[in-house]
Trainee: 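A single structure is presented below for examination.
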Amino acid sequence: MDKSYNPKAFEQKIYARWLENNYFAAAPDKNKKPFTIMMPPPNITGQLHMGHALNNSIQDALTRYKRMRGFMALWLPGTDHASIATEVKIVEKLAAQGIDKKSLGREGFLKAAFDWNDQYGGRIVEQLKQLGCSCDWNRKAFTMDERCSKAVREVFVRLYEKGLIYRGERMINWCTECKTALSDAEVEHKESASGLWYLKYPVQGADGEFITVATTRPETMLGDTAVAVNPGDKRYVNFIGKSLALPLTDRIIPVIADSYVDAAFGTGAVKITPAHDPNDFEIGQRHKLNRIAVMDDGGVMNENAGAYKGLNRFDARKKIVHDMQQKGLLHKTESRKNNVGCCYRCDTVVEPMVSLQWFVSMQPLATPAIQAVESGKIKFVPKRFEKIYMHWMRNIRDWCISRQLWWGHRIPAFYCTACGNEEVSRHDLTACTACGGSVKQDEDVLDTWFSSALWPFSTLGWPDKNADLDYFYPTDVLVTAYDIIFFWVARMIFSGLEQMGDIPFSTVYINGLVRDAKGRKMSKSANNGIDPLDIIDQFGTDPLRFSLMNGIAPGGDQRFSADKIEGCRNFMNKLYNAAKFVMLNCADAVIVPDITAHKKLSAADNWILARYNTAVSAVTRAYDKFDAGQAAQRLYDFTRNEFCDWYVELAKADLADPERRKVTQNVLLYVLRGILKMLHPVIPFITEEIYMQLPNRDAQSIMISEFPKSVKTPAKQARSAAEFEHIIQLIRAVRAFRAEKNVPPSKRTALYLVPTADVSAPLTQSVGYIKRLAAATEVFFLTPSVPSAQLLTAAAAAYIPSADLTDNAAEKARLLKELAFAEAELKLAQTKLNNAGFTQKAPQALIDAEREKVQRFTQTVSKLTQSLKN
RNA sequence: GGAAGCAUAGCUCAGCCGGGAGAGCGUCUGCCUUACAAGCAGAGGGUCGGCGGUUCGAUCCCGUCUGCUUCCACCA
């Protein structure tokens, strides 16, 4: 073995072997219900970022754990191809080569896009492999592949036939940069400083009279077709039905009454622009108002804007405000903060526009989706995310699914050019089925999340019947970050319920976000992103994975820091070296089939085995709760503090003893193997590397080995282990004593002990350990009558007979401190016991523990007092 | 405007069923003790955000206040 941990020496080699032997697809027990994890589609347009690294590491850990527990564990990978961002990227890439999207035509563009995607999709797969991810790559599927296309089309047709998909003119969110419609979920609201302008509209036939309206978007006034007031508003009741001259245009608009208007807000009069505002759109429908669109799809004022034609919407705003002021029609301007909608991909301010789009009726789909979570069939971990989901589902509005792009699943709707018949079909149509006229397919494609929503079954081959689908659906757990609950999780749930008649997964595990060291969200624009591959290159994959998972709380955000990663790398080194020590000392080991039943276990052996059993059950519990963070932390503590710091050191003494050597070797190997197995889901490479060199290896690969079973420590062994804790405390006390006196480890001294009765047996058996770990040349046992103890522990009173170690001021101070502590503890316990409420209501075990404390500390206090006198 | 989360050691964060609080890093002291200086042994450091309440007992449960973060939201 190398002198120290060197991941580059083995990581790639190991992964290649896993692939070669197809361990990822290995099925330990096909009769068990399978365990399936859905993998969110990474966005292939960017590099793998820390969020992916975290998310994929958690999924991989769960998959590996379940596989080791004998489940047929499958991790379905996927890649999201059909997004707006992808198309934008492809367009950019083509532009860099001097190629215009439109000049290629749809076919040419798609071909270029597929080429580009193959390249990047492949790159993502390679990156995930570097993370050690144990996907079954043979099942890889992309939202744009044939299988998924078939499923998408089938779902579209089914929903259409049920009347749950419809086409209509609605107010939608329009991105003037991407030039496509957006769903509500794709709009981000950002607070920005803006103005509230009060505009005066002259009343027709009443010279000098005005109605003042307030608006945050003056440029839309050119499209106003009415001014609305509340019907009960006394200020305006006489104006209802009158006409206003719309300034800057030659149009006359009516004053209408609508209860939507809040008389208490602003001036109580609202300008109505049905073509450019969702509320106005509805009012317009109620009052049959014209819709006058004053901008084109790029946010530039059109011919309806008269003199403002050709200006972009923001320049038009400035000019209109200026012109209104010139005309004396600007009553006042207030500065004001308000929320503007922005495109979540490109951050452009979203423009509400009326257009003909496809929608999914959400009400009928949402009801069962709400029920599935309410009834507990689907659980969110942590539970608080259920509220977010519920709130969204209960307030859901119809989903705009058409996008004005080329890169995506084309909407399977055909329109007859002769009779106007609209037809949705599973197969491409060449002629109208009603009149035989020629047909044209809808130009739009579907929202990328429409196909992603089908992931749990489309990747398994739906709509075709097949064994995989029967076996794996519904899947078990979906792991994802909370920022994607609406986009993806919610839609998978209602799609699964609608198409499959069953939930897509029973658990939604939500992980948090990875932020930078200052707590900011990592993003390209802030340029604070850290590439996981760089970290892997510098430290190794296992340290990266461990640092992302160790100690994280489910759903909580975390900060990424270089210090943390270094600490994790150091832990790998620790583990590596501990293994090296075991191997060096176990070359001649004779493996015993079941070490736990061995009759010659020492007190130290019993102790580590008991601690090990405790660790196994804690770790198992954590993994079963999908809490890899807790599992990793528990393992870190056990490995470092109990195995390395204590047992390995204790073993040194026993390995030198020919009587004990064989047993010790077996315990070392047994515990080490268990540690490796339990750590394997979190840090797959180093554990495999070490495992393959173990003499007591029990499988071809740790990946497919059996996870340690939880065993209850036998009572006798537990007792022995508990006694041994006292020995450890004694060693600690002697070490602390020596350290305070600045005795270098090289200076070894004799140690006199007066054993406490109940631990005298283990104490006499532990002389070897004490000599080694407490730097004692010799350990002498004294009768209780011998005074001058310097140290008092539960195991023994101790005395170190070196002239320069005794009776100085520092020692007296230390003893006083000990005394103060003991007295405080004693008082605390006594106070509790004197409290009638406590003795009556507290559990018996606690009361007993307090009584024991009183006894123990009374003794300690008297001994310390005695020592101080001497 | 609505909702959620977070406030614990100098920093970053754990803390499962309420029984007097932990880790990593940093700091200080002493050590190359034959697996590991990417290390070892020790030490110091916290009115668990403020105030009330429930309880024999509260970091934990309830209320409230303060500060930060995030999500949702068509009020011009």
Side-chain angles (χ1 to χ4, degrees), chain A residues 1 3-5 171 184 188-189 196 213-217 220 228 260-262 265-273 277-282 338-339 341 352 382 384-385 387-388 391-392 395 397 482-483 485-486 512-513 517 519 521 539 547 550-553 555-561 563-564 566-585 618 621-622 625 627 629-630 633 636-637 640-641 644-645 648-649 652 732 735-746 748 772-773 775 828 832 835-843 845-846 849-850:
Chain A
M1 289 181 81
K3 184 167 169 18
S4 59
Y5 169 64
M171 180 64 61
D184 293 333
E188 281 181 357
H189 295 269
L196 183 65
V213 296
T215 180
T216 52
R217 300 171 63 217
T220 62
Y260 160 77
V261 179
D262 178 359
F265 190 89
T267 63
V270 186
K271 62 189 275 304
I272 303 298
T273 324
D277 182 276
N279 297 312
D280 295 6
F281 177 81
E282 280 174 26
N338 78 344
N339 285 316
R384 66 174 188 274
F385 292 104
K387 284 181 200 159
I388 297 175
H391 183 258
W392 192 74
N395 296 290
R397 301 195 305 163
Y482 55 73
D483 56 350
I485 291 175
F486 309 129
L513 305 177
K521 203 167 166 173
F539 293 101
S547 77
N550 183 28
I552 56 164
D557 289 355
Q558 60 176 302
R559 292 180 194 221
F560 191 87
S561 81
D563 286 348
K564 201 164 158 190
E566 206 176 309
C568 292
R569 190 269 319 267
N570 293 352
F571 176 64
M572 298 307 136
N573 189 50
K574 188 80 181 167
L575 179 63
Y576 187 89
N577 278 296
K580 194 169 81 180
F581 171 83
V582 173
M583 246 88 87
L584 281 173
N585 287 285
R621 242 192 337 266
K625 285 191 301 183
D627 195 345
Q630 210 181 352
Q633 189 158 54
Y636 179 95
D637 291 343
R640 185 172 264 268
N641 303 335
C644 293
D645 287 354
V648 166
E649 294 305 322
K652 284 175 182 172
R732 282 216 167 100
R735 281 173 172 176
F737 177 78
R738 291 171 51 99
E740 265 170 55
K741 302 197 170 310
N742 293 338
V743 185
S746 50
R748 319 193 88 200
R772 182 172 255 279
L773 301 187
L828 193 64
K832 276 192 188 179
N835 182 338
F838 179 76
T839 47
Q840 278 160 26
K841 293 182 185 176
L846 264 170
E850 293 302 323

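Labels below follow one simple rule: chain letters A, B, ... track the order of the sequence lines, proteins then strands, and each chain is numbered from 1.
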Trainee: Between the base of B:A73 and the side chain of A:Asn395, is one N or O donor paired with an acceptor at under 3.5 angstrom?
Mentor: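 No pair found.
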Trainee: Using atom C1' in both nucleotides, what's the gap between B:A9 and B:U59 to the nearest angstrom?
Mentor: 14 Å
Trainee: Of the non-hydrogen atoms in A:Leu196 and A:Thr216, which two are nearest, and what is the gap between them?
Mentor: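 Where A:Leu196 meets A:Thr216 most closely, the heavy atoms are CD1-CG2, 3.7 Å.
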Trainee: For A:Tyr482 and B:U70, what is the distance between atoms OH and C1' respectively, to the nearest whole Å?
Mentor: 6 Å
Trainee: Output all residues satisfying salt bridge (Lys or Arg N to Asp or Glu O under 4.0 Å) with A:Asp483, sequence neighbours left out; order by chain, then residue number.
Mentor: none
Trainee: Could you check if a side-chain atom of A:Phe581 sits within less than 4.5 angstrom of a side-chain atom of A:Lys652, using non-hydrogen atoms only?
Mentor: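 Heavy-atom side-chain distance check passes, below 4.5 Å.
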Trainee: Please work out whether the ring planes of A:Tyr636 and A:Phe571 are parallel, tilted or perpendicular, with thresholds of 30° and 60°.
Mentor: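 Answer is tilted, since the angle falls between 30° and 60°.
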Trainee: With respect to the phosphate group of B:G39, does any side-chain polar atom (N or O) of A:Asn570 fall under 4.0 Å of OP1 or OP2?
Mentor: yes
Trainee: Give one of base, sugar-phosphate or nothing for A:Asp645, where a contact means two heavy atoms less than 4.0 Å apart.
Mentor: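 If one applies the 4.0 Å heavy-atom cut-off, A:Asp645 turns out to touch the sugar-phosphate alone, with no base involved.
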Trainee: Considering only atom P, compute the distance from B:G39 to B:U64 and round it to an integer number of Å.
Mentor: 48 Å
Trainee: With nearest nucleotides of RNA chain B determined for A:Leu584 and A:His189 from heavy-atom distances, which residue corresponds to the more 5′ nucleotide?
Mentor: A:Leu584
Trainee: Taking all non-hydrogen atoms of both residues, which atom of A:Ser547 and which atom of A:Phe560 are closest, and how far apart?
Mentor: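 Reported closest heavy-atom pair: OG-CE1, 4.2 Å.
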Trainee: Which nucleotide in the list B:C75, B:C74, B:A38 gets nearest to the side chain of A:Asp262?
Mentor: B:C75
Trainee: What's the CG-P distance between A:Asp637 and B:A21, to the nearest Å?
Mentor: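 Going from A:Asp637 (CG) to B:A21 (P), I get 18 Å.
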Trainee: Mind listing the closest non-hydrogen atom pair of A:Asn573 and A:Ser4 along with its distance?
Mentor: OD1-CB, 3.3 Å
Trainee: Roughly how many Å is it from CZ in A:Arg569 to P in B:A37, rounded to a whole number?
Mentor: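 Rounded to whole Å, this separation is 12 Å.
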Trainee: Using atom CD1 of A:Ile388 as one end and atom P of B:C71 as the other, report the distance to the nearest whole Å.
Mentor: 10 Å
Trainee: What distance, rounded to whole Å, do you find between the two P atoms, one in B:G10 and one in B:G53?
Mentor: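 About 29 Å, rounded to a whole number of Å.
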Trainee: Determine the contact category for A:Val213: base if any of its heavy atoms lies under 4.0 Å from a base atom, sugar-phosphate if only primed atoms, P, OP1 or OP2 are that close, otherwise nothing.
Mentor: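 If one applies the 4.0 Å heavy-atom cut-off, A:Val213 turns out to touch nothing in the nucleic acid.
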Trainee: When the distance from CZ of A:Phe571 to P of B:A38 is rounded to whole Å, what number comes out?
Mentor: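 Computing the A:Phe571:CZ to B:A38:P distance gives 18 Å.
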Trainee: Are A:Lys387 and B:G2 close enough that a side-chain N or O sits under 4.0 Å from OP1 or OP2?
Mentor: no
Trainee: List for me each residue that meets salt bridge (Lys or Arg N to Asp or Glu O under 4.0 Å) alongside A:Lys564, sequence neighbours excluded, and say none if there are none.
Mentor: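 Scan of A:Lys564 (salt bridge (Lys or Arg N to Asp or Glu O under 4.0 Å), adjacent residues dropped) gives none.
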Trainee: Heavy atoms under 4.0 Å is the rule here; annotate nucleotides 10-20 of chain B 5' to 3' with B where the base is hit, S where only the sugar-phosphate is, and - elsewhere.
Mentor: --SSS----B-
Trainee: Indicate, with a heavy-atom threshold strictly under 4.0 Å, whether A:Thr215 touches base, sugar-phosphate, or nothing.
Mentor: sugar-phosphate
Trainee: When we call it a touch if two heavy atoms are under 4.0 Å apart, what does A:Lys580 touch: a base, just sugar-phosphate, or nothing?
Mentor: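 Since only primed, P, OP1 and OP2 atoms lie under 4.0 Å of A:Lys580, the category is sugar-phosphate.
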Trainee: What nucleic acid atoms does A:Cys644 come within less than 4.0 Å of, heavy atoms only: base, sugar-phosphate, or nothing?
Mentor: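 Base contact.
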Trainee: For the residue pair A:Arg735 and A:Leu773, establish whether any side-chain heavy-atom pair is separated by less than 4.5 Å.
Mentor: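 They are in contact (side-chain heavy atoms under 4.5 Å apart), so the answer is yes.
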Trainee: If you look at every heavy atom in A:Arg217 and A:Pro352, which pair is closest and at what distance?
Mentor: NH2-CD, 3.8 Å
Trainee: Please work out whether B:C40 sits syn or anti, treating a glycosidic angle within 90° of 0 as syn.
Mentor: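 Anti, since the glycosidic angle lies more than 90° from 0.
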Trainee: Does A:Asp563 reach a base, just sugar-phosphate, or nothing at all? Heavy atoms under 4.0 Å.
Mentor: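 Answer is sugar-phosphate: A:Asp563 comes under 4.0 Å of backbone atoms only.
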Trainee: Starting from C1' on B:U33, measure out to CZ on A:Arg772 and report it in whole angstrom.
Mentor: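 In whole Å, B:U33 C1' and A:Arg772 CZ are 8 Å from each other.
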Trainee: Identify, with sequence neighbours excluded, every residue that meets side-chain hydrogen bond (donor to acceptor under 3.5 Å, both in side chains) alongside A:Asp184.
Mentor: A:Asn173, A:Arg397
Trainee: For RNA chain B, produce a single dot-bracket line, 5' to 3'. Pairs: Watson-Crick or G-U wobble, both distances under 3.5 Å. Symbols: ( ) within strand, [ ] crossing, | other strand, . unpaired.
Mentor: (((((((..((((.....[..)))).(((((.......))))).....(((((..]....))))))))))))....
Trainee: Strictly below 4.0 Å: does A:Lys652 bring a side-chain N or O up to OP1 or OP2 of B:A35?
Mentor: yes
Trainee: For A:Phe581 and for A:Trp392, locate the closest nucleotide of RNA chain B by heavy-atom distance; then report the residue assigned to the nucleotide nearer the 5' terminus.
Mentor: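 The residue mapped nearer the 5' terminus is A:Phe581.
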Trainee: Are side-chain N/O atoms of A:Tyr482 and A:Asp557 paired as donor and acceptor at under 3.5 Å?
Mentor: yes
Trainee: Could I get a table of every N or O pair under 3.5 Å where one atom is in the protein and the other is in nucleotides 42-45 of chain B?
Mentor:
{"residue": "B:G44", "atom": "OP1", "partner": "A:Lys817", "partner atom": "NZ", "Å": "3.1"}

Trainee: Can you give me the closest heavy-atom contact between A:Asp627 and A:Ile552, atom names plus distance?
Mentor: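 Scanning both residues completely, I find the closest heavy atoms to be OD1-O, 4.0 Å.
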Trainee: Can you tell me how far CG of A:Asp277 sits from CD of A:Glu282, rounded to the nearest 0.5 angstrom?
Mentor: 9.5 Å
Trainee: Find out whether A:Phe385 and A:Ile485 are in side-chain contact, i.e. whether some heavy atom of one side chain is under 4.5 Å from a heavy atom of the other.
Mentor: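 A side-chain contact exists here, since the closest heavy-atom pair is under 4.5 Å.
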Trainee: Give me the distance, rounded to whole Å, that separates B:A7 from B:C60 when you measure between the C1' atoms they each carry.
Mentor: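 Their C1' atoms lie roughly 14 Å apart.
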Trainee: Regarding A:Val582, tell me which of base, sugar-phosphate or nothing describes its non-hydrogen contacts under 4.0 Å with the strands shown.
Mentor: nothing
Trainee: Taking the same atom, C1', in B:G42 and in B:G63, what whole-Å distance lies between them?
Mentor: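 To the nearest whole Å, 46 Å.
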Trainee: Base, sugar-phosphate alone, or nothing: which one does A:Tyr636 contact when heavy atoms must sit under 4.0 Å apart?
Mentor: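 Result for A:Tyr636 = sugar-phosphate.
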Trainee: Considering just the side-chain nitrogens and oxygens of A:Arg640, establish if one lies under 4.0 Å of OP1 or OP2 belonging to B:C40.
Mentor: yes
Trainee: Taking the P atom of each, how far is B:C75 from B:G19, in whole Å?
Mentor: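 Roughly 46 Å separates the two P atoms.
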Trainee: What integer distance in Å separates A:Arg397:CZ from B:A73:P?
Mentor: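 Nearest whole value for this atom pair: 8 Å.
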Trainee: Can you name the closest pair of heavy atoms from A:Thr215 and A:Lys271 and give their distance?
Mentor: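 In terms of heavy atoms, the two residues are closest at CB-CD, 3.6 Å.
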Trainee: Look at all strands and tell whether A:Phe486 reaches a base, only sugar-phosphate, or nothing, counting heavy atoms closer than 4.0 Å.
Mentor: sugar-phosphate
Trainee: Looking at A:Arg384, I'd like to know whether one of its side-chain N or O atoms comes within less than 4.0 Å of OP1 or OP2 on B:A3.
Mentor: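 For A:Arg384, the contact criterion (side-chain N or O under 4.0 Å from OP1 or OP2 of B:A3) is not met.
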Trainee: Can you check the distance between B:C72 and B:G20, where both ends of the measurement are the C1' atom (answer in whole Å)?
Mentor: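 Straight-line distance between the two C1' atoms is 41 Å.
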Trainee: B:A21 and B:U34: how far apart are their C1' atoms, nearest whole angstrom?
Mentor: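 These two C1' atoms come out 39 Å apart once rounded.
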Trainee: A:Leu513 has an atom CG; how far is it from atom C1' of B:G5, in whole Å?
Mentor: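 So the two atoms are 12 Å apart, to the nearest Å.
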Trainee: Using a 4.0 Å heavy-atom cut-off across all strands, classify A:Glu649 as base, sugar-phosphate, or nothing.
Mentor: base
